[in-house]
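One structure is given below, encoded as structure tokens.
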Amino acid sequence: MNNPFPRSFYFQDVQKIARQLLGHLFVKIQSDGSRLSGRIVEVEAYAHNEDPASHSYRGKTLRNAVMFESGGHLYVYFTYGMHYCCNIVTGPEGEGNAILIRALEPLEGKNIMAYKRFGKDTLSAKEYSNLTNGPAKLCKAMGIDREANGLDLCGSTCWIEKGKEISDPQIACSSRVGIHRAVSLPWRYYLKDCKWVSKARIHHE
DNA sequence: CGTGAGATTTCCT
DNA sequence: GGAAATCTCACGT
């Protein structure tokens, strides 16, 4: 419990980190000290170099500034006028790599997550399966908004910690979801046959 | 089951 | 002015 991954974890290759994140836990500590957590089952990598789909592609702006901080920070952005999505920043300061967390399997604090997302703590089976199976859904359930933008994942109230080890054969990859540029790059990684993976469809050119 | 429109801020052309 | 790393709801099959 409460054993965040060290800073060095976030300074490996972004694709390698993206694969390694699968199966580990995304943890957020609430103001009363209790834990909300979920197992990471789906991520997407966004690289600083030659990746037109990355927010960092055209340089630093007010919104994406955290993406250019050093590895181990949380980059939260607001999109479509209503949703938040959260990313793990990787690599040295100034590079602009990040990994979008796309789906979680809810573990600790499920009734709190249910309340944050649906305004009630008892969910139908359908609502429960929709609790954290998308990037904006999991942010709502975990209580992540612009306040969390820039959080240090090494010693604050939010981090990644060790979960069940996932072997390579259980990992699948595909095109990224919801983007129209660099669609051919297979930088979405997810756990095969996992019911918590998002249902979002992949765009084609 | 599938498809399509609307919500509404931030950034880019 | 228009698209965007999304989601939900309405409506037709």
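Here is the naming used below: chain letters follow the sequence lines, and residue numbers restart at 1 for every chain.
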Would you classify A/R146 as touching base, sugar-phosphate or nothing, given that sugar-phosphate means primed atoms plus P, OP1 and OP2, and contacts are heavy atoms under 4.0 Å?
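Touches sugar-phosphate only.
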Counting any heavy atom closer than 4.0 Å, what does A/A136 reach on the DNA or RNA strands: base, sugar-phosphate only, or nothing?
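Result for A/A136 = sugar-phosphate.
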Give me the one residue out of A/L100, A/D145, A/I144, A/N149 that meets side-chain contact (heavy atoms from CB on, under 4.5 Å) with A/C86.
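With A/C86 as partner, A/L100, A/D145, A/I144, A/N149 yield a single side-chain contact (heavy atoms from CB on, under 4.5 Å), made by A/I144.
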Send over the distance from [X] [atom1] to [N] [atom2], rounded to a whole Å.
X	N	atom1	atom2	value
A/H55	B/dT9	NE2	P	17 Å
A/E127	C/dC7	CD	P	16 Å
A/K199	C/dC9	NZ	P	16 Å
A/L138	C/dC7	CG	C1'	13 Å
A/L131	C/dT6	CG	P	18 Å
A/K126	C/dC9	NZ	C1'	10 Å
A/I144	C/dT6	CD1	P	16 Å
A/E44	C/dA4	CD	C1'	14 Å

In dot-bracket form, how is DNA chain C paired, counting a Watson-Crick or G-U wobble pair only if both its distances are under 3.5 Å and using | for bases paired to another strand?
||||.|||||||.
Closest approach to the side chain of A/L100, judged atom by atom: which nucleotide of C/dA5, C/dT8, B/dT10 is it?
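The listed nucleotide nearest to A/L100's side chain is C/dA5.
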Could you please name the option among C/dA5, C/dC7, B/dC11 that lies closest to any side-chain atom of A/N87?
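Closest of the options to the side chain of A/N87: C/dA5.
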Can you tell if the side chain of A/Y75 reaches within under 4.5 Å of the side chain of A/H55, non-hydrogen atoms only?
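Result yes, sub-4.5 Å side-chain heavy-atom pair found.
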Electrostatic pair [X]-[Y], nearest N-O below 4.0 angstrom:
X	Y	answer
A/R19	A/D13	no
A/E105	A/K110	no
A/E127	A/K120	yes

Please give the distance between the P atoms of B/dG6 and C/dG2 as a whole number of Å.
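Those two atoms are separated by 15 Å.
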Whole-Å P distance, B/dT3 and C/dA5
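About 22 Å, rounded to a whole number of Å.
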Is the distance from OP1 or OP2 of [N] to the nearest side-chain N or O of [X] less than 4.0 Å?
X	N	value
A/R58	B/dT10	no
A/R117	C/dT8	yes
A/H180	C/dA3	no

What is the ring orientation for A/Y84 with A/F78, classed by angle as parallel under 30°, tilted 30 to 60°, or perpendicular over 60°?
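Rings of A/Y84 and A/F78: tilted, as their planes differ by 30° to 60°.
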Donor on one side chain, acceptor on other, A/N130 and A/K126, under 3.5 Å:
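No, no side-chain donor-acceptor pair sits under 3.5 Å.
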Pick out which of A/R102, A/Q15, A/E44 makes a side chain to side chain donor-acceptor pair (under 3.5 Å) with A/Y189.
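By the side chain to side chain donor-acceptor pair (under 3.5 Å) criterion, A/Y189 pairs with just one of A/R102, A/Q15, A/E44: A/Q15.
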Decide side chain to side chain donor-acceptor pair (under 3.5 Å) for A/H48 and A/N97; before the verdict, give the C-alpha distance in whole Å, the side-chain angles of both, and the deciding distance to 0.1 Å.
CA-CA 5 Å; A/H48 69 292; A/N97 308 301; 2.8 Å; yes
Give me the residues of residues 72-84 of chain A where at least one heavy atom lies under 4.0 Å from an atom of DNA chain B, by number, or none.
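Those residues are A/F78, A/Y80, A/G81, A/M82.
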State whether A/Y190 and A/R188 meet the cation-pi test: NZ (Lys) or CZ (Arg) under 6.0 Å from the six-membered ring centroid, and within 45° of the perpendicular axis.
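Because its charged atom sits under 6.0 Å from the ring centre and within 45° of the axis, A/R188 does stack over A/Y190.
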